[in-house]
Structures are given as C-alpha cells and as structure tokens.
Amino acid sequence: MPSGHIVSAFEEELQFLSRRLAAMGGQAERLVEQAVAALVNGDPVLAQKVIRDDLLLDEAQREIDDKAISIIARRQPMARDLREIIGSIRITADLERVGDLGKNLAKRVNAVAEGRQPASLFRGLEALAELALAQLKEVLDVFASRSVERIGFVRDRDEEIDAMYTSLFRELLTYMMEDPRNITPCTHLLFCAKNIERIGDHATNIAETIYYMVTGDQMPPERPKEDKSHRVTLNRS
Amino acid sequence: MSEMEDRQVETVSTRALARLRQNGWLAGASCAAIIAVSVAGQVSGYVAAFACLAVLAVAAMAPGRETEAAVQPVRLVPEANPLEPLSAVHLAAAVADPLVVFDAYGAVVHANDAARRAFDGMRAGLSLPLRFRAPEMQSVIEGALAGDGTVLSVDYSERLPVERSYHVTASPVGHDTGLYVLVFRDQSEARRIDRMRADFIANASHELRTPLASISGFIETILGPARNDPKAQANFLGIMQEQTGRMSRLIDDLLSLSRLEMKPYLRPGQTVDVKETLEAVISSLTPLMADTGMALEREFGEGSFLVSGDRDELFQVLQNLLENACKYGRSGGRVVVQLEKAVSGGVHEVVATIRDFGPGIPQEHIPRITERFYRVDVETSRTQKGTGLGLSIVKHILTRHGGRLTIRSEVGKGSSFAVHLPIA
C-alpha cells in the first residue's frame, strides 16, 4: 500500500459516508446550475430533467441517513467521529433542501417563459445564482479540504447575496407597477430569486456544520443580516 | 564492443577497491586485534605489521557477494534506461497540463505545479472524490479505482471562479502499483469560443439595435422631410456621428471583454508595480481631468506595491475606475486616489481606492453595477459615452487576478471604488 497505513473497517465506513456526501453535493450543484440555465434560456426540456434528477438527491439522503444511523448503532462513536456522523446527517438534509429549491426553479420555467421579460432581469437572476453557487462550491470545497480557517468568506458572500436579492426584489416591483400584465411572470421570478437566496442560506448552514464537525465549537455568532427586502416598499408617485 | 572491454578493465580495479571498502570493518578489526596482541608483548612489531598487511590483502581479494550483485546489472545492461533514476515528481513537473497522482483511497499522492495552480487547495492528502464532486468526475474516479486497468476519459467543466473545461483521463500507473493518475487537458479555449460567439451575438445585437434604429430614422428624415433643410441636416448628421461613435466604442469594449474571457489564466510569475501603473494611468487621464476641471489628490503609502499579474490589464482596471470617477463624479470637483496595504481575512493585499464626491449611487444599484449593460441612470450613461461594460471588464480582470472590487457609496456624498489585489 502506497500510503502505508491500514484503514480500519470503521474508518472505511466514515470515508464512505463523506464520499457519498460529496457525490450528493456534486449532484446538488449540478441540479441548481441546470435549473438556473433552464430558467434563463427558457428551456423546458432541461427543466424536466432537473425535476427528475431531484429524485437522486432524495435517494442519496435516505442512503446516507440509513448508513449514519447504522454506524452509530453498531460502533457507538465518540468525539470527532460522532460529530462527523451527526454532521453528515445535517448536511445531507441541507443538500436535499437545495435540491428541492432547484426543482422549484425548474417548475417555474414555463410560467416565466410566457411573455418575454427584460434581459436585465435574467442577468440579475444569473448573477444572484452565480453568487449562491459559488457559495455552495466553496463550502463543499472546505468540506473536502477541512481548512475551516478559510470559512470567513461565507459570511461576506452571504451579505453580497442578500444585497443582490434586495436589489432584484426592488427591480421586480418596479416592473410590476409599470404594467399589471407583468405581475404573473414577475411574481414567479420573485419566488425564483427567493429560492436562489435560500440556496445560499443552506450553503451557509452547511459551512456552520462543517465548522462544528472539525473544531467541535459553534461558529462565532453572526453579524446582523443585511437583507433589507422586508422593508422595501415602492410608492406610486 | 570496445566500450564493453573498457568497462571490464575499469571494473577490475574498482572492484578491488569496492571489496576493500566492503570488508573494511573486518580487516580493521583484525588489524586492531593483531596490534593489541603485539602491544601485549607476545609478538614482535615486525611480525604484527606483516600480519596486518596480510589481512588487508585478503580483505581486498576476498569475493564480496553483495558487490558482485551490485556490479552485475550494470555489466549485463550496458545501456541502462536513462529514465530509470528519474523521479516521477520531476517528470510530472515537466508536464504542462494539470496532473494528479492518487492512491487506492482516492487521496492525492502528488499534484504537479499546473494542477496546484488550476485547482485551489490541491495538495497531497486531499480526497479527490470530495474535491471533484461533479457526477461525471465521480464515475471516472470510481471507475479507475475499481477498474481493470483501462483508460477512462470524460469532459469536465468548472464554472467558478472562472469558467474552464477539461478533457480528463484517468488511468492506473504501471502494474499493481496501487497508484492512479488523472490528467486534465485544457479545452477551455475551444469551449469559450463557442460561448463567446453566442454571447457576443446576444449582447451586441441587443445593444447595437438602439443606435442603429436612431441612425436609420435620421437617414429617413434627411432623405424625406428634411431634404431641403441644410440646417436640420447638419444637426441630424451630428447626432448620427455620435451614434456611430457609440456603436464603435461598444464593439471595442465587447471585444476586449471577449479577449479577456478567451484566456482565463494569467501567465504566472509576472509582477506589476501598482504605484507605477497608477501614475501612468493618472498621466494618461490628465487631459480628461483638465477638460472636466477635476482636481486629483494622491494619498500614497510608503514602500513598494508589487502584485502578481498582467500590467496592461491592471492598467485597464485603474483607468476605467478613474475615468468613471472623472465622468460621473464631476460635480464633486475632485478625485482622491489612495494606495495602501491592508490585511483582510489573513491575506495581505494592496488596496487602491478611487474616490469621487459626485452624486453617489443609490444603495439598491450597488450589488448590480458590475453586470453587463447595467446602468444606474441610462441618460447619464449615454451623455458620458458609457457602454455599460466598463465595470464588468474591471470585475472580470480582478477575478482573474484573485482580487476583488469593493464599492461604497452614499447618495449626495460620492462613491469609492477599492481594488484589492493579493501582494505578490
């Protein structure tokens, strides 16, 4: 053996768990990517594929949960190993939610495609999705490298995502006020933006779980949230 | 043949020496014993010296089995494979494509320089299935580990932070070594050209339509109602000239953005002095500042401001930002250019800040102004000959340099654009 150490059956089980989790993460990343592409390009075929692929994530979640529970039952792990397993269960739940949100994006493709919306809206949505996907990717990269000292970026990116979401929210309201016929597609786009923003939040949750898995401590408390959309109002003037 | 004989002659003498070396301990011990006995006074000094010599001679002639074994292969294979002593690490370093050697658990054993540059956080011990999570990569890695020694390949692309696509090949190294290798052949360029074409058409057609419509409208007017009105004609021709100017600026900017997207990596090892670049930008924009009546204030820190990157590109970043400050912050009457060093998130950075005292940017627009063709105020942008691509180019270049742009702005007080670049 090149690495020169013997991997016990237990360690192998833990490795299986994290590999399965990474594969699930990869599927979730791909799913969101494709959902956004389907939305921006108005591609109903890709949207159907996304909706089907969500089943893979559900299945992965079940498999990881079963495995985790059986490891706990048989091995009674302690300390870091226990955190690793509990962490996996939490992360897999977050990833499954990410998949659901992606699927929801895909389901709205047809509704949004009716009546062409301004290109700038889609660019905004794309930029938002790029931020959320970057968040997810970097968080899962930290899961691979376990370099939790780099996890500070998560908070910064979170703020960016929230600011972008608030800006999109405002723009969508403007379009709706301009012409009531825009209300249907713009409401769908509003939900899409919200879903993407939620994906970013789940990525942040995963980051917190990873921090806990590696260090055994909770991530230092969060700074106040920057999402101001709950206060956005537009007055007809 | 003669070479072979030379080698034979050479080996006779070297072998005697080698044997002496090999049997040295034994000979030394024997000599020591003989001398000890002679000192004890039982044997005369001459006899002892003779005995020592005899021991040494025997040691030199005694057949050394291991030495034979060591010399043998050299003799049998006179033309030894020159690759034999070469380290695999050196070989990997000579490969320009990213190359990763991994073990049966999928953990990285060695990643060459190109791989470490291309993939952030790539190092020995990293688990590959955890790093490359895309379903197609998962199946290739799994296939290689479980496989029967065949070569597997797949197309793989990473979208973030910059888009890259690779043709990835996974294969075992040698026979039963328990090692496998992943080789990434970069195909980003081919892929990017395709995308660029689609992108260019989408963007250009949309943005060129407006000036084109206006030009054709004026042509109609000149040919029709204004046929005999030289004053109106001159007026319309002026507007048309403005519109064509806008179209050509737009095409320039689109092309420079496309060029940036064409080459996603920077050549490593180049360093740029930000201070010197900033001075060059300032002197190139002096005429514009004189026209707009802007005053410039420098607040430069001490020392050198070296970052790694491409000078022309960083020049463009600073130029776009300073030009914007002069155009959109004109009402403030002055621009402050700051250059300092800072530490952010454990990274040492050079920070160049360009601050104007103009009308500022409303909060809701700030997250989006680096998007292509996003304009805070369409009218102002038009009158200032903006294309809607300037900041998008800035952001693109900074991403390539591992840097970032932070924007602070307050309505009525002005805006500041800060460029953060990691210190070389």
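Quick caveat: nothing in here was measured; it's all calculated off a predicted structure. So you know, we letter chains A, B, ... as the sequences are listed, proteins then strands, and number each from 1.
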Engineer: Working to the nearest 0.5 angstrom, can you tell me the gap between Arg133(B) CZ and Arg19(A) CZ?
Structural biologist: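 These two atoms lie 14.0 Å from each other.
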Engineer: Could you go through the side-chain contact (heavy atoms from CB on, under 4.5 Å) check for Arg123(A) and Tyr374(B) one step at a time?
Structural biologist: CA-CA 9 Å; Arg123(A) 263 199 291 271; Tyr374(B) 189 89; over 6 Å; no
Engineer: Go through it in stages, so that I can follow the logic: the residues are Thr166(A) and Glu364(B), the test is side-chain contact (heavy atoms from CB on, under 4.5 Å), and I'd like the CA-CA distance, side-chain angles, deciding distance and then a yes or no.
Structural biologist: CA-CA 7 Å; Thr166(A) 313; Glu364(B) 67 268 23; over 6 Å; no
Engineer: What's the separation between atom CD1 in Ile366(B) and atom CD in Glu160(A), rounded to the nearest 0.5 Å?
Structural biologist: 12.0 Å
Engineer: What are the two closest heavy atoms between Gly26(A) and Pro135(B), and how far apart are they?
Structural biologist: O-CD, 4.1 Å
Engineer: Of all the residues in residues 134-141 of chain A, which have a heavy atom that comes within less than 4.5 Å of a heavy atom in chain B?
Structural biologist: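 Within residues 134-141 of chain A, the residues that come under 4.5 Å of chain B (heavy atoms only) are Ala134(A), Lys137(A), Leu140(A), Asp141(A).
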Engineer: As an exercise: rank Arg131(B), Arg368(B), Gln138(B) by heavy-atom pairs under 4.5 Å with chain A and give me the winner.
Structural biologist: Arg368(B)
Engineer: Using a strict 4.0 Å threshold on nitrogen-to-oxygen distance, state whether Glu136(B) and Arg30(A) make a salt bridge.
Structural biologist: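 A salt bridge is present here (some side-chain N lies under 4.0 Å from a carboxylate O).
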Engineer: With rounding to the nearest 0.5 angstrom, report the CG to CZ distance, Leu130(B) to Arg20(A).
Structural biologist: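 It comes to 12.5 Å.
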Engineer: Using the rule given for side-chain contact (heavy atoms from CB on, under 4.5 Å), can you reason through Met164(A) versus Glu371(B), listing the C-alpha separation, both sets of side-chain angles and the distance that settles it, and then say yes or no?
Structural biologist: CA-CA 11 Å; Met164(A) 182 73 108; Glu371(B) 282 170 32; 3.8 Å; yes
Engineer: Which bit of Leu56(A) comes within less than 4.5 Å of chain B, counting heavy atoms only: side chain, backbone, both or neither?
Structural biologist: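 Neither part, no heavy atoms under 4.5 Å.
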Engineer: Dump the intermediate steps for side-chain contact (heavy atoms from CB on, under 4.5 Å) on Ser167(A) and Gln363(B), then the final yes or no.
Structural biologist: CA-CA 8 Å; Ser167(A) 168; Gln363(B) 212 59 38; over 6 Å; no
Engineer: Count the heavy atoms of every other residue, nucleotide or ligand shown that sit under 6.0 Å from CZ of Arg198(A), and state whether that count exceeds 12.
Structural biologist: no
Engineer: Is there a side-chain contact between Arg123(B) and Ser145(A), using heavy atoms and a 4.5 Å cut-off?
Structural biologist: yes
Engineer: Which bit of Leu133(A) comes within less than 4.5 Å of chain B, counting heavy atoms only: side chain, backbone, both or neither?
Structural biologist: both
